[in-house]
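Scope of the values below: all heavy atoms of this structure, side chains included, with no hydrogens, waters or symmetry mates. Please read these numbers as outputs of a predicted model, since none were measured by experiment.
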Amino acid sequence: MVKVNENYANLAQNYLFAEIARRVSAYKAANPDKKVISMGIGDVTRPLCKAVTDAMSAAVAEMADAATFQGYPPAVGYDFLINEIENYYTSRNIPVKAEDIFVSDGAKSDTGNITDIFSNDNSVLIPDPVYPVYMDSNVMLGRSISLIDATEENGYLPLPDDSTKGDIIYICSPNNPTGATYTRDQLKIWVDFALKNGSVILFDAAYEAFVSDPELPRSIYEIPGARGCAIEFCSFSKTAGFTGTRCGYTIVPSELEFGGVKLAKLWTRRQSTKYNGTAYIIQRGAAAVFSPEGYAQTRENINYYRENARLIMDFMDKKGISYTGGQNSPYIWLKCPDGLGSWELFDKLLNSAAVVGTPGAGFGKNGEGRFRLTSFGSREGTVEALGRLDLIF
């Protein structure tokens, strides 16, 4: 008789964003004339930039010609995109080589799938609150998981101490959901810890393009020693608006080795076996992001979202509501006013203002009493939503 993976029974009964969608759908059904403004799920609203769509259009034309048609893509990505990513890091004096880079369909997939190359008896250290995929992908495997508290007291930037244990360590900076960003000195503490204890850091840099403070690191490899202990994940979803086209990459340094086995070799084998590769048309569009035109155009979109974040921060400051994020992140992580629970605030905003945010409790126990808003909406929607919130706070 077939046996199912019983670890799935240990997952939270309702995936956070599915529950949000359920409540919003119920509200819309009961209030068909109300316009709902979403400041919750971190999807972008600005279209792909012209340099990207021009490159994709040219790639479509290539696919219509037998002389330039492309079949199965390489599982690790086309050289033309890998070389552009390498140059992107080199331009910032960050030591990343082409052989370290693996193209994929996004950071969410890779942070979930990277678990395949590690033994299930590894211990896992995850911050709380946390992006759900880190937790869920390890629960599915039945791994031993420890949480390190990210709280208001430590600025939502926890650091290891003598009691900290973990073979596989998840770090997201700028953080989703809190918007907090580690300094170089803080990341050095984590790198030193990993090197000392033989651990691997899984560093999610999906929001690196939103870091505006030049003193803050945008890659773990800005930290000496990181190539010997860290894997980095990045995505074009927020950097260039690829949420509808999907592309990202993972960096596994050639020096990264455990038990005499290079992790890059294992990741290559995993991707070659269980991943079809990212479509040629999409990779051509992603490569255009690094052209002078593409870079300028995508930065224009990022600045648009930064302005939205400034408007939200100004509103919070005016209302005396405590928050983190916003300055170097598209997320504003606010303290629920009036002692409300995070789902209570969700329902209040939805039912009183038709505005949708994300309850902090969905990210872990330390998220209770906190609430995430995003700056990825339109300018008009952001201004209108803040006007509605002004009437209830």
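- By the 6.0 Å and 45° rule, R46 stacks over the aromatic ring of Y304.
- One finds a salt bridge joining K319 and D390 here, because a Lys/Arg side-chain nitrogen approaches an Asp/Glu carboxylate oxygen to under 4.0 Å.
- The minimum heavy-atom distance between R23 and L350, with the atom names listed, is O-CD2, 3.8 Å.
- Within 6.0 Å of atom CZ in R379, more than 12 heavy atoms from other residues, nucleotides or ligands are found, so the atom counts as buried in its surroundings.
- Shown here is K165, whose NZ atom has no more than 12 heavy atoms of other residues, nucleotides or ligands within 6.0 Å.
- At least one test fails for R372 against the ring of F363: distance under 6.0 Å to the centre or angle within 45° of the axis.
- Relative orientation of the Y207 and Y331 rings is perpendicular, given thresholds of 30° and 60° on the angle between their planes.
- The local environment of NZ in K365 is crowded, with over 12 non-hydrogen atoms from other residues, nucleotides or ligands closer than 6.0 Å.
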- Item | Criterion side chain to side chain contact (heavy atoms under 4.5 Å, CB included) on L334 and L373, from CA distance to verdict | CA-CA 8 Å; L334 63 102; L373 296 177; 3.6 Å; yes

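- In the model, T90 has no side-chain atom that pairs as donor or acceptor with a side-chain atom of N87 under 3.5 Å.
- Y88 carries R92 over the face of its six-membered ring, with the cationic atom under 6.0 Å from the centre and within 45° of the normal.
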- Given Y280 and Y78, is the ring pair (Phe, Tyr, Trp, His ring centres under 6.0 Å) satisfied, shown in steps? CA-CA 8 Å; Y280 173 75; Y78 285 100; 5.3 Å; yes

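- Shown here is K335, whose NZ atom has no more than 12 heavy atoms of other residues, nucleotides or ligands within 6.0 Å.
- Here the closest heavy-atom approach between residue D110 and residue S104 is recorded as OD2-OG, 2.8 Å.
- Hydrophobic clustering of Ile, Leu, Val, Met, Phe, Trp and Tyr side chains at less than 4.5 Å, counting indirect connections, unites V289 with L81.
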